[in-house]
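The structure appears right after this line, and notes come after that.
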Amino acid sequence: MSHQTPLGSLVPQANCLDLWRDKNDQLVRQAKVAQDLSFHLRRQQLAQDSLEGLRRLLDSLQGLPAAVPVLPLELTVICNFITLRASLAQGFTEDQAQDIHRGLERVLETQEQLGPRLECGLRGLWSSVLCASSLQPELLPVLHHLAGLQIAFWLSTDCLEDLTLLLQTLNGSQSNASEDLLMLLKTWNPPAKESNAPLTLQDAWGLRAVLLTASAYRQGLQELITGSLPRALSSLHEAASGLCSRTVLVQVYTALGTCLRKMGSPQRALLYLVAALKGGSTWGPPLMEASRLYQQLGNTAAELESLELLVEALSITHSSEISHLLIGVELLLPQPDPASLLHCGTQSQVKHLLASRCLQTGRAEDAAEHYLDLLALLLDDSEPKFFPPHCPPGPCMPEVFLEAAAALIQAGRAQDALTICEELFSRMSVLLPKMPRLWEDARKGTKESPHCPPWVSAMHLLQGQAWMRLGAQKEAISEFSRCLELLFQASPKDKEQGNQDASFHLLQTLRKLGRRDEATALWRRLEAQTKLPQENATWSVPLYLETCLSWIHPPDRETLLEEFRTSLLETCDL
C-alpha cells in the first residue's frame with residue numbers, strides 16, 4: 001500500500017511562492033519592455049531571454065508535485081510562456097499543445113482524477129477539468145485564460161469542431177446550443193482575475209477581442225468565397241471594427257472592396273480600397289483589387305495604372321510591422337492561398353498580367369516593352385519562376401516568349417519578334433530529339449498535355465507572320481509550311497479544325513506570291529473543313545494564338561475563300 005502524503009506537506013513555504021511570483025512578474029515586465037523597443041535585434045534578444053526565464057521557472061514549478069495553492073501561478077506561467085513563444089515563432093506549434101496538455105494534467109492531479117481520462121486527448125481533458133465538481137473557484141480565471149490560448153491554437157489549425165465544443169463548455173451550454181462561432185465567442189465571459197493575481201502578458205479578455213476579430217475576418221472570407229455576399233459584408237464590417245493591426249486592417253478593407261464590387265457597388269468599393277492604401281505599407285492586395293474594379297468599370301487606363309503601381313510596390317522590400325499585441329489576429333489567419341482573391345502574386349506574375357492586358361486592349365507598343373522587361377526579370381535567377389502549364393496564376397516560360405513575340409509583331413517590331421523566337425528555339429533545342437515520341441503521344445492521346453509540340457508549331461506560325469511583315473515571302477511560306485507539318489503530325493485525323501489558323505496565313509501568303517496550284521490545293525482543303533461541325537468553336541485559345549487570330553478575322557477568312565472560289569470559276573470559264 002502506498003502512503004498518501006497529506007496535501008499540506010506539499011505546499012511550499014510562502015516565501016518560495018512569493019519568489020516564484022516575483023520572478024514571473026519580473027519576466028513579464030521584461031517582455032513588455034522588449035515589445036516597445038524599435039531596435040529589432042535588441043528586441044528579439046530581450047524577448048528570448050524572457051522566454052528562457054519563463055521556461056526555467058516552469059520547470060521549477062513542475063518539478064514538484066502539483067499543489068492547489070501553486071496552481072494559479074503555475075498555470076499563469078504556462079499562459080505567459082505559450083503567449084511569448086507563439087509571438088516569437090509567429091505561430092502555434094504542437095509544443096504549445098503539449099504545454100496546455102501538461103497544465104490540465106496538473107489540475108487533475110490535484111483532484112485525484114487523472115486515471116484513464118488521459119487517453120481522451122485535449123478535448124477530453126478540458127471536459128474533465130471544467131466539469132469537475134471539486135474545481136476550486138480561484139482556478140477559473142486562469143483556466144479561462146488557458147482556454148483562450150487553446151481556442152487560438154485550434155482556430156489557427158482549423159480544428160473548429162473541438163473549438164466549438166470547448167466554447168460551449170466554457171459557456172455552460174447544453175448539447176443543443178448554438179454552433180455559431182462568433183456568437184459563442186461573444187457569449188464567452190471570462191471571469192475577472194483578482195487584483196493581486198500574477199502578471200500576464202495578455203489576459204483572457206485581450207485574447208477574446210483578438211479571437212472575435214480573427215473569427216469575423218475568417219468567416220467573412222469564407223462567405224465571400226461561397227458567394228454569401230450580404231453575410232460576408234456583415235462579417236467583414238465586424239472585423240474592421242475589431243482589434244487588429246494596420247496590416248490586417250488593410251486586408252479587411254481590401255476584402256470589403258472585393259465584396260462590394262461583386263455586389264455591384266463600385267464606388268463604395270473604391271472608398272474602402274483608398275482607405276486600404278492609406279492604412280499601411282502593404283499595397284499589393286488593394287492595388288490588385290483596384291485593377292479588377294477598374295476593369296469591371298471599363299476604365300482601362302486606370303486598370304493599367306493600378307497594375308503598374310503594383311509592379312513597383314512589389315519591387316520594394318517593406319520592413320515588417322511591429323505588433324503591440326503578443327498574439328494578434330495575424331497569427332490566427334490561414335496561410336496565403338495563391339488562388340485567393342486577396343493574393344496579388346509575385347512581381348513577375350503582375351508584370352505578365354500588365355503586359356497581357358496591354359496586348360488584349362490594343363496597346364501593342366506598351367505590351368511589347370512590358371514583355372521585354374518581363375523576360376529580363378524572369379531570366380534573372382533571383383526571381384521565382386513561373387508555374388507549369390495550367391497551374392495558376394501564370395503561364396510557363398515558353399508561353400511568355402510566344403506572347404512577347406506576338407506583341408512585338410503587333411507593335412511593328414517583326415525583327416525583334418524573330419530574335420525572341422530564336423531565343424526560345426535555342427532554349428527548347430534540348431527537347432527536339434524527343435519530338436517524334438511527343439508527336440506520337442499527342443496523336444494517340446496517351447499523354448494528357450503534350451505542351452512542347454504546340455509551342456514549336458506556334459513559334460513557326462509567329463515567325464512566318466514576322467517574315468511576312470518584313471516582306472520576306474519565301475521565308476514566311478517556309479515557316480507556315482513547317483507549322484502545318486507539325487500540326488498535321490500532332491492532331492488526330494478527325495480533329496483538324498485546330499489547324500485552320502496557320503492554314504489561312506499560308507493561303508494568304510501563297511496567293512501573294514502567285515503560287516496558284518499550291519494555293520488552290522490548300523483552298524480546297526479549307527473549303528472542306530468549313531463544312532465540318534465546329535466542335536472547337538468555344539475552345540479557349542492561348543493569348544499568343546488569340547493575337548494571331550486578330551490578324552485574320554473570320555469575315556476576312558470568308559472573303560478570302562469566296563475570292564478563291566470566284567477566281568477558280570473565272571478560270572474555268574476561260
Side-chain angles (χ1 to χ4, degrees), residues 402 405-406 409-410 412 414-415 417-418 421 425 435-436 439-440 442-444 450 453-539 541-542 544-574:
L402 294 172
I409 293 172
Q410 188 86 329
Q415 190 61 57
L418 289 173
C421 289
F425 185 82
M435 292 292 279
W439 291 127
E440 189 64 23
R443 183 162 51 248
K444 294 180 179 179
W455 294 336
V456 178
S457 57
M459 179 181 65
H460 286 295
L461 175 64
L462 289 168
Q463 284 178 308
Q465 184 64 35
W467 283 120
M468 195 166 68
R469 296 287 179 95
L470 292 171
Q473 305 292 349
K474 292 183 179 180
E475 289 83 353
I477 288 178
S478 176
E479 295 296 342
F480 287 143
S481 300
R482 182 58 180 152
C483 172
L484 284 173
E485 178 187 348
L486 294 174
L487 286 175
F488 290 150
Q489 290 178 20
S491 298
K493 293 181 179 179
D494 60 341
K495 291 187 179 179
E496 295 181 347
Q497 194 73 25
N499 302 334
Q500 288 192 6
D501 303 328
S503 298
F504 273 99
H505 282 290
L506 181 58
L507 177 62
Q508 195 175 43
T509 306
L510 288 171
R511 184 189 179 196
K512 288 181 179 179
L513 287 177
R515 296 170 61 166
R516 186 179 183 83
D517 292 341
E518 296 167 278
T520 301
L522 182 57
W523 169 78
R524 295 186 187 281
R525 183 166 191 162
L526 288 170
E527 276 278 273
Q529 285 186 358
T530 57
K531 299 175 183 179
L532 296 175
Q534 302 295 311
E535 297 178 1
N536 296 329
T538 59
W539 179 53
V541 297
Y544 52 89
L545 287 182
E546 183 180 315
T547 305
C548 290
L549 290 174
S550 69
W551 298 330
I552 298 184
H553 300 288
D556 300 328
R557 298 181 182 192
E558 294 299 327
T559 302
L560 187 60
L561 292 176
E562 183 60 33
E563 288 176 356
F564 261 86
R565 185 181 298 108
T566 304
S567 175
L568 286 175
L569 288 174
E570 291 174 352
T571 302
C572 292
D573 291 340
L574 292 174

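We use all heavy atoms of the structure for the numbers below, so side chains are in, but hydrogens, waters and symmetry mates are not. The first residue in the sequence is number 1, and the count goes up from there.
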Distance from [X] atom [atom1] to [Y] atom [atom2], nearest 0.5 Å?
{"X": "L462", "Y": "I409", "atom1": "CG", "atom2": "CD1", "answer": "5.0 Å"}
{"X": "Y544", "Y": "T547", "atom1": "OH", "atom2": "OG1", "answer": "11.0 Å"}
{"X": "Q463", "Y": "M459", "atom1": "CD", "atom2": "CE", "answer": "5.0 Å"}
{"X": "F480", "Y": "E475", "atom1": "CZ", "atom2": "CD", "answer": "12.0 Å"}
{"X": "L418", "Y": "Q465", "atom1": "CG", "atom2": "CD", "answer": "11.0 Å"}

Practice task
Please report the shortest heavy-atom distance between A476 and G464, naming the atom on each side.
Solution key: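 Heavy atoms of A476 and G464 come nearest at CB-O, 3.3 Å.
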Practice task
Locate the shortest heavy-atom distance separating C421 from A405; write the atom from each residue and the value.
Solution key: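 Distance-wise, the nearest heavy atoms are SG-CB, 3.9 Å.
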Practice task
Among H460, M468, K474, find the one that has a side chain to side chain contact (heavy atoms under 4.5 Å, CB included) with E479.
Solution key: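 Exactly one option meets the side chain to side chain contact (heavy atoms under 4.5 Å, CB included) with E479, and it is H460.
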